[in-house]
Amino acid sequence: MDRQQHIDKLLEHFDAPRHRGAIAGADVVMTGGNPSCGDTITIYMNVDGQNRVEQIQFEGEGCTISQASASILLDRVQGKTLAEIEAIDYNDLIEELGRDIVLTRVRCATLSLSTLKNAIQKYYQGSKVAR
Ligand code: FES
């Protein structure tokens, strides 16, 4: 993907986010924030008996990159196991979003992934399911 394609993808996800909205009674709810600007993302996740993401949604307020990143990331992890998600590297996400576009906005770009990883830890802490 070239630079313009990455920008178009970010704008498209910001304008028409996937997985947007709360899940009532979700197995885990986790909010993450970027302290430098106050923007937030809240992830709602349901996990099945095989530690696989059954349903995942988000709500949030923030810049184009943070909100588009959440939409793109959640699209990618739907149906994945928690272990597969834990293995996603921050650099993978930065590459997917377009390194030259988000490099000066790494906190915006990775807020979704850090919140998701924290959501998984919270799920493990509250769950009897072994890792
Ligand atoms: Fe706040 Fe991007 S400016 S997350």
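Both ligands and their constituent atoms are indexed starting at 1 by order of listing.
Pairs of residues two or more places apart, or lying in two chains, that qualify as salt bridge (charged side-chain N to carboxylate O under 4.0 Å, His left out) and include a residue from residues 99-123 are Arg3-Asp100, Glu95-Arg99. Screening residues 17-27 for side-chain hydrogen bond (donor to acceptor under 3.5 Å, both in side chains), with sequence neighbours left out, gives Glu12-Arg18, His19-Asp75, Arg20-Gln67.
Scored by the side-chain contact (heavy atoms from CB on, under 4.5 Å) test, Gln125 finds Gln121 as partners (sequence neighbours excluded).
Protein neighbours of ligand 1 below 4.0 Å, counting non-hydrogen atoms: Asn34, Cys37, Asp39, Cys63, Ser66, Arg105, Cys108.
For the 3.5 Å distance criterion, the side chains of Ser69 and Ser112 qualify, holding a donor opposite an acceptor. If you check the side chains of Glu59 and Tyr44, you find a donor sitting under 3.5 Å from an acceptor.
Tracing side-chain contacts under 4.5 Å through hydrophobic residues (I, L, V, M, F, W, Y), one reaches Ile85 starting from Phe58; they form part of the same cluster.
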